*Asks:* 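I have a structure here, written as C-alpha cells, and I will follow up with some questions on it.
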Number of protein chains: 2
Amino acid sequence: MKLNDHLYTDTGWDFYEREFDPEQIVTTGSNFMIGNGYMGYRGTFAEWGADRYVACVVTDTWDAAEPGKLTELCNVPNPLYLQVRVDGDSLSAFSGNTQAYERSMDLRCGRFSRQATWAGNSGNRVTIEEEKFASYDNVHLLAMRYRVTAEDDAEVSIMTGIDGRVWSISGEHFSAVNGGTEGDTADLISMDVTTVQDQVAICVAEGINLSGVTPVHTTLRQVQRRVFRELTFQMKAGDCLVLEKFAAIYHSNEVARPHDEAVAAVNRVKAQGYDAALEAHKAYWDRIWAVSDIQIEGDLESQLLARFNVFHNIIHTPTHDQLPIGARGLSCQVYQGAAFWDQETFNLPMFLYTQPELARHILAYRHATLPGAKRKAKRLGYYGAYFAWTSGKTGDELFPDYFFTDVLTGRPIRNHFNCWQIHISPDITYALWLYYEATGDWAFIEHYGAEMAFEIAQFIVSRVHLKVDKNRYELIRLLGPDEYHENVDNNAYTLYLSHFSLEKALILYQQMQQRAPEALAAIMDRVGIDDTAIAHWEDIVARLYLPKPDPQTGLIEQFDGFFQLEDIRPDDLRQRLIDPSEYWGWPNGIAVNAQVLKQADLLQLFAMLDIFPPDVLRANFEYYEPRTEHGSSLSPSVHALIATKAGLPEQAWQYFKEAATIDLYAKSKKVMSGGSFLGGIHTAACGGIWLAIVRGFAGFEIHDGDLVFNPQLPAAWKALRFPLTFRNNHLSVYLSESEVVVRADDNNAETLTVRVGEKAQSVAAGESIDAPI
Amino acid sequence: MKLNDHLYTDTGWDFYEREFDPEQIVTTGSNFMIGNGYMGYRGTFAEWGADRYVACVVTDTWDAAEPGKLTELCNVPNPLYLQVRVDGDSLSAFSGNTQAYERSMDLRCGRFSRQATWAGNSGNRVTIEEEKFASYDNVHLLAMRYRVTAEDDAEVSIMTGIDGRVWSISGEHFSAVNGGTEGDTADLISMDVTTVQDQVAICVAEGINLSGVTPVHTTLRQVQRRVFRELTFQMKAGDCLVLEKFAAIYHSNEVARPHDEAVAAVNRVKAQGYDAALEAHKAYWDRIWAVSDIQIEGDLESQLLARFNVFHNIIHTPTHDQLPIGARGLSCQVYQGAAFWDQETFNLPMFLYTQPELARHILAYRHATLPGAKRKAKRLGYYGAYFAWTSGKTGDELFPDYFFTDVLTGRPIRNHFNCWQIHISPDITYALWLYYEATGDWAFIEHYGAEMAFEIAQFIVSRVHLKVDKNRYELIRLLGPDEYHENVDNNAYTLYLSHFSLEKALILYQQMQQRAPEALAAIMDRVGIDDTAIAHWEDIVARLYLPKPDPQTGLIEQFDGFFQLEDIRPDDLRQRLIDPSEYWGWPNGIAVNAQVLKQADLLQLFAMLDIFPPDVLRANFEYYEPRTEHGSSLSPSVHALIATKAGLPEQAWQYFKEAATIDLYAKSKKVMSGGSFLGGIHTAACGGIWLAIVRGFAGFEIHDGDLVFNPQLPAAWKALRFPLTFRNNHLSVYLSESEVVVRADDNNAETLTVRVGEKAQSVAAGESIDAPI
C-alpha cells in the first residue's frame, strides 16, 4: 500500500521508496538506517561521502574536539564505501540515467536494500543491488552485499575500501589517522584513528569476498584519508559479480587491541560468508520480535508505523554494555549520543515488558554514572545524585551553559537545562521502581537500585525548601518538562515525581532493613547518611506540596502562577516571531510570559502516574492541549496516551498518527540550521509509540501486581496483539472490540492476575483467559 | 571662581553661567530649577514653551493618560509665560543680538535670575532681568519679577498669561481645559484642567502688578490652550518697566474649591507685592539653612556642591503633606514623581538630623500606603506589607511589568523590579528605626511605626524559606540593589536588612507590650497576628542566613554564586554591546552572567549598617569597586562613603566629586531616548552627598545613643561645619584636621554624649567640647 507520497509498504514489515528525492537525503538517511545498539549506519548509498551525511556513529567513543566544544560520539571512517564506474562514468543517483530504482528497509531483520539500473554516457546499463545490515550476532560487524549485473557489455570498475573523510558536528575528533592494508594483499584494509580528548583508539577494518566475475586488474590506492582498491572488470551482458564486504569496528574503551580484534573479526566473517552472517543476525531479530512485536489487524499503515518505531527503539539501545540511549540514538551526532530523561520515561518502559534485561542495562548505566551525578550535585551546591541532563559515559554534565543562541542578536543564551531541570533524578527512581515492579529483581535493588534511590532522595533533600508558614515543602526555581518556562516554582510534575521517588526510597529502605541489613549499612555508609536522613525523607513525603485538582474545574496548575500568564494560543503567539528560527523560551522568547507550553508537562505526569481519575485527565487535557505548541518530539505520543485515557478517541488517533510519523513522514528541506545538523531519529517518540499503544489503546496498567487492560482501540483497528513479559513470565495479549484474550506461556513460573474492567482472572502457565468487554 | 567650563560661583551659595548653551537646555532646566516640595518649576526662560521643557510639576496630581500608560505627576499649565517683543521682534536666546547674558541661582533662598541685553532687527536694545521663586511661605505660590529697561527708544510689547500647551511623557493628562479671565479686567487669568483618570481638578491662576511705564494699549488673547494679555509700551531710552507676576496652583486632592483658592491666593499676594512675598519666603529658607547648612572651609567648589545637593534634597521633599520624594523629585515626570527605596536610604537620613519632622512626614506617607502595600503582597501570594517599588499616592505598585525594551529586538522586557526587589520593605523598617533612634518619637511608633514594622515582618515571614538540612532560613529569587542581577538567592544586602527589620520589629513589640499594651492589641488585631507570629519572627531572627566575611579574604559574596560568574571588568564588558543603549541586565544583557554590578550592593549594606570592621569594608571595596559599572546615580556617593570608612581617601575624594556633580556638571546632548525624557535631578545622589560628608568625611555614627565622630576630611578641606539635631537637641559640629568641636544649643533639654576616638564627653545645653584628634 502507499503510505504517503513517496513511501510504500507491502507487508507491514517493510517500507520502500521508488523515487529518489535528493532534497530528502537527511531524513531518508535516518529512516533507512541500520544499527544494533553498538553503531548506527545511516541509510545512505554506498558511493556517497560526508557531503551526503554518510555516517557510522559508534557508541562509547565520546570526544570533545577542543575545550568548550560539545562532547559527542565519533563518526568513524566509513568502511562500506563503494563506488561503481561504468565505462569510466561514476554511478550516481544524481547523474546518468537511472531506472527501476528502489530503496527499502526490512524491519524484520534490520536490512537495508537498494537497487537500480543505471547507465552513464556510454549508454551501457548495469543493475546494482546493494544490501547491508549491522549485525546483532556480533555488534562490531557491518556486512554489505553488492551485486552488479551487466545489462549490456561494459567496462565496470569498483572502488571500495575505507573513506576516512567523515563529517562531524563539533569539530575534528581524530588526532591521528592511519590507513593501510593488512599483510601483502589488498584483501583487508584498516584505518586506525585516535580521539583528541582521551586518545581512544578506534580501528575500522574491512575485507571483501568477490565472486561471479574476475577483475582484469586490481590497484590499491591511498589518498589522504582514503584507502581503497580499484577493481576493473570487463563484463558481458548477463554477467553478475557479487562483492561481499565485511567491516568490523573496535575501540580501546572496550578492548585492549582494537586493531587486532577488528582484523580477526573481519577474517572470521569473511570465511563464514554473507549469507551465514545474515542468518545468525536474523536469528537474533527473531528472538527480539518474539517478545516485542506489536501486531495490528485492519490497518496496515498503523502496523508498519508501530514496527518502525519499535524497531528504532531497539536499534538505538546498546545491548553489549551499560551505555545510554541517545536522544537521537545512533542516527547522528545530534544531542551528543547522550541520554536525557527521555531514556527513562520514553525508551525504557517498552523494554521493561519486552526485554527487561535491557531495562536493567539502562538502569545499571545510571548506577555507573552515580559519581558524575554526585559531582554535579556538589558543584551546584547540593548533595546526593543530581543526574546529568545530558549524560554520556561518566555521567558528568555534558549540557553546556550556553546552548542556544539568540538569533536576533547573535548572543549566546544561558539556558538552565543543566541546573534547574531537576526532575531527571526522580525520573530515574521512577524507572527504577517500574523495573522492580515489572521484574521483582531484588538483586538489582540490593546491588544498584537502593543506592541510586537513596542518592536521589538525598538530592531532593538538598533541593527542597520548607515554607514554614504554610507547613509545606516546596521546590523552587525549576524547569519542568515544558522547557519554555524556566525558573518556575512548584512545577506539579516535578513535585509529584519527587514525592514518588522519596516514597519509593523509603520502601526500599524498609525492604533493605528486612532483607539485606548488611548491604544497607554499607550503602548508608557510602551515601553518608544515617537515620536522620530517613526521618527527613519521611518528613518531606508527609509535607511536600502536591497541587491538587481544583474542586470546581479539575485543573492542576502547571506551576505557581501559570494561570496568571498571558492566555494566548500557540498560533497567535507565533505571529510575534521576528525570525522563524527564534527560540521560544528563556530568556525573552515569545512563550516565556504566555500560557503556551513547549510540550506535555502536567499531561506527562498523568502519563507516568496513574493517580488521577479520567475526569481530571480530561479537564486538564482540554485546558492544556490547545496551549501546547509541541515544540518537542516527546509531546504528541503523550497526548495520544492521555487523550485515550481521558476518553477523547479522535484526538488520541490524531496524536498517535502525528507521533508515529515524526520521522518516517518527515518532510524537511533544511539540512543544517545555525551550524547544526537537523536529521536523526527521535528515539523518545519511538518509545512513546509503544506507550501510546500498550498503555494507551490497550489500557495496560499494573495495580498491586495485577495486569490491567482497559482497551480503547482506534476505530480503524480490528485487533491488537502484543507479547508482554512480567516478572519473567511471558504473555500473549490479544485485544479486539469485544474481547481481551491473554495467554500465558507454557513455561511461566507464576500464575498472574489479569483484570479487565471489574473482573480479575488468574492465568497459570499454558492457560489463557478470554474476557469480553 | 570657575567651577567648570560654563559655571561659576562667587560665594558658595550661588552659581551662574555667562554663556547660553542651546544644547544643554535639558540639564540647565533642572539645575536652575526652583521648587518647594509642592511644585517644581524648571529653570527655563519666561518666553519658552513645551518644546524647551518648560514644566511646572505638581505633586499629588498622579494620573494615567490611559490604561497601560505610566501613572505620573502632571505638568500643569505654565502661569509664568512671558514673551517680550522689541519693535515687533520676539526676544529670544536663539535669535537677535544678546549681550551681558547671565543665568544664576541663589541657593540661599532658591531664587532663579536671568538677565540679558538684547536687540532684534531694529537694533534697539532692551535689558531684561527675570527672577522667580517657588514660595515656602505659601507653597502654592510662584512669583516672578520681570524688569525691562530700554537702552534705546523702542516699542516694547509683553505677552504674558498662562500657556496650557504643556508636554507630558506618558500622554495627555487633561480631559478638560478651561482658561479665561477673572472678573471684567485682564488682571487675573486662570486655567482649570481636569485629569483623565480621577478627574482631579487643578487650577492655575496668575495676576500681575505693573509699574514704571504705562502701556499704550492692552489686549487679551485666548488661543487654543493659551490665555494671555498683550501689553504694548512706547519706551524711551532709560525707561524701566517692572512686571510682578504671581501664580497660584491648587487642586482638588487638597482643597474643595481649587479655583477659588487659587484666585484668592493670587489676589492676596498681588496686594502684598513681590518684595514682601520674597521676604516671607527667605525667612523660611533662613530657618532651613540654620539646621541644614554644611560649611566647608578651604574649598569653594566643594562648598557650592554641598549646598547644591542639600538644596535639591530639600526642594523635592513635600513639606505640606505626607507625600513621597520622587526619584527625580519635581524636576520632571521621569520616574513618575514616585518614591523608590532611595527615599528611605538616601533622602531621608539627612532630614533625620536636620528636619526630623520631614522624616516623620516621609514615614507617615509610607504608613498611609500600607493598604497598597498589603494589596501588593496579597496579589503576589504573600501577606504583610510589600511596599511598592514605585510608590505614588496609594502605595499600589506603579512599576509596570514591562519597563525596558530590548533595543536589539524591539521586544518588551519583563523586568522584576516590582516583584523580586523585596528589600524595599525592610528598607522602610530601617528608616523607621533610624527615625526612632534619632528622635525618640514614641508617639510615632505607637501610632504608625509599630504597625509598619509588624506588617513588614509578616511580609518577610511570608517570603522566607527554611532550608531544613542547613538549619537556616533563606531568601530566594531576589533582586538586590545591583539591578543587573535579577533572580538571585541570598543577596547579602537583603538578608541583613531583613534580619535587621525583624530584630527591630521584635524590640518594638516588646516596648509596645510595656508601654502601650492596648494599642498593641489593636495593632495585632489589624495586622491579624498573634503570639505565633512573634515566635516565628524570633525563629527567623535566630536562623536567617547571614553570609559572613570569608575568614581568609574578608569577602562577602553578593549573592549565592556571584563569585562563579564570569570575572570581567565593566570596560571590557562594554565592548560586547551591540547597541550603546542596550540594557545591561535581565534577561540577556551583557552583565547578567558577569561579575559586573550596576551599583553598590554589598557596599550599600555597609553604608547602612555599621556592623563590619574597616578591614572587611576595605577588602570588599577593593573587590567590588572595580567590578561596578555605576549605572545608577545611587552608586558614587556610597562608594565615597565606604572608601572613607575603609581608609581609602583618594577614592573617597574621587567618588565624592563624581557624586556631587552628577547633575550640576552633567554634559548631555541627548534630550530624549526611546521616547523618554532624560533630564531631571537625581535626588538620591543629593541625599547621598549629605551622607558622604556627614557619615563619611565627618565619620558621624550613633552608637548606643552616643554621637560618634571619626573625621577624615579631604586634603583640600580646612574645616567642616554643620548643625545636627538629635532627639530635639541642636548641636553645631566643627571638624578640622586637628580637632572636633561640638557645641550644644542653649535651649537643649538633654545632655548628650559625644565620642571622638576612644574618648566620650558630655555636652549639656550651652556647652561645647573640643576634642583633639
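None of the values given here were measured: they were computed from a predicted structure. Excluded from the calculations below are hydrogen atoms, water molecules and symmetry mates; all remaining heavy atoms, backbone and side chain alike, are included. Reminder, nothing fancy here: chain letters follow the sequence lines and each chain counts from 1.
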*Asks:* So which part of Arg472(A) gets closer than 4.5 Å to some heavy atom of chain B, the side chain, the backbone, both or neither?
*Replies:*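 Neither the backbone nor the side chain of Arg472(A) comes within 4.5 Å of chain B.
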
*Asks:* Go through the atoms of Arg379(B) and report whether side chain, backbone, both or neither lie under 4.5 Å from a heavy atom of chain A.
*Replies:*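 It is neither, since no heavy atom gets under 4.5 Å.
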
*Asks:* Please lay out, stage by stage, how His465(B) and Leu466(A) fare under the test side chain to side chain contact (heavy atoms under 4.5 Å, CB included).
*Replies:* CA-CA 6 Å; His465(B) 283 89; Leu466(A) 181 64; over 6 Å; no

*Asks:* Do side-chain atoms of Lys467(A) reach the backbone of Ser462(B) as a donor and acceptor pair under 3.5 angstrom?
*Replies:*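 Yes, because the side chain of Lys467(A) sits within donor-acceptor range (under 3.5 Å) of the backbone of Ser462(B).
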
*Asks:* Within the structure provided, determine whether Ile413(B) and Asn588(A) are in side-chain contact (heavy-atom separation under 4.5 Å).
*Replies:*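 When only atoms from C-beta onward are counted, Asn588(A) and Ile413(B) do touch, with a gap below 4.5 Å.
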
*Asks:* Is there a side-chain contact between Thr409(A) and Thr409(B) (heavy atoms, below 4.5 Å)?
*Replies:*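 Answer yes - side chains close enough.
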
*Asks:* Measure the spacing between CD of Gln564(B) and CG of Leu380(A) and express it to the nearest 0.5 Å.
*Replies:*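 Here the interatomic distance stands at 10.0 Å.
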
*Asks:* Answer yes or no: is there a donor N or O on one side and an acceptor on the other, between the side chain of Arg576(A) and the main chain of Arg411(B), under 3.5 Å?
*Replies:*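 No, because the side chain of Arg576(A) does not come within donor-acceptor range (under 3.5 Å) of the backbone of Arg411(B).
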
*Asks:* Examine whether an atom of Glu582(A) lies under 4.5 Å from a heavy atom of chain B, and if so say whether it belongs to the side chain, the backbone or both; otherwise answer neither.
*Replies:*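 Just its side chain gets close to chain B.
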
*Asks:* Where do Tyr402(A) and Asn593(B) land on the side chain to side chain contact (heavy atoms under 4.5 Å, CB included) test, with the steps shown first?
*Replies:* CA-CA 11 Å; Tyr402(A) 296 85; Asn593(B) 300 303; 3.2 Å; yes

*Asks:* Tell me, out of Arg477(B), Lys470(B), Arg414(B), who's got the most heavy-atom pairs with chain A below 4.5 Å.
*Replies:*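 Most heavy-atom pairs within the cutoff with chain A belong to Arg477(B).
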
*Asks:* What part of Thr532(B) is in contact with chain A, defined as an atom under 4.5 angstrom from a non-hydrogen atom: side chain, backbone, both or neither?
*Replies:*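 Contact with chain A is absent: no heavy atom of Thr532(B) under 4.5 Å.
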
*Asks:* A side-chain contact here means heavy atoms from C-beta on lying under 4.5 Å apart; do His536(B) and Asp469(A) qualify?
*Replies:*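 In contact.
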
*Asks:* Where does Val592(A) contact chain B at under 4.5 Å (heavy atoms): side chain, backbone, both or neither?
*Replies:*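 Contact with chain B involves no heavy atom of Val592(A) at all.
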
*Asks:* What part of Asn487(A) is in contact with chain B, defined as an atom under 4.5 angstrom from a non-hydrogen atom: side chain, backbone, both or neither?
*Replies:*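 For Asn487(A), the contact with chain B is made by backbone and side chain together.
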
*Asks:* Give, as side chain, backbone, both or neither, the part of Ile540(A) having an atom under 4.5 angstrom from any heavy atom of chain B.
*Replies:*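 For Ile540(A), no heavy atom lies under 4.5 Å from chain B.
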
*Asks:* At a 4.5 Å cut-off on heavy atoms, which part of Glu474(B) comes close to chain A: side chain, backbone, both, or neither?
*Replies:*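 Contact with chain A involves the side chain of Glu474(B) alone.
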
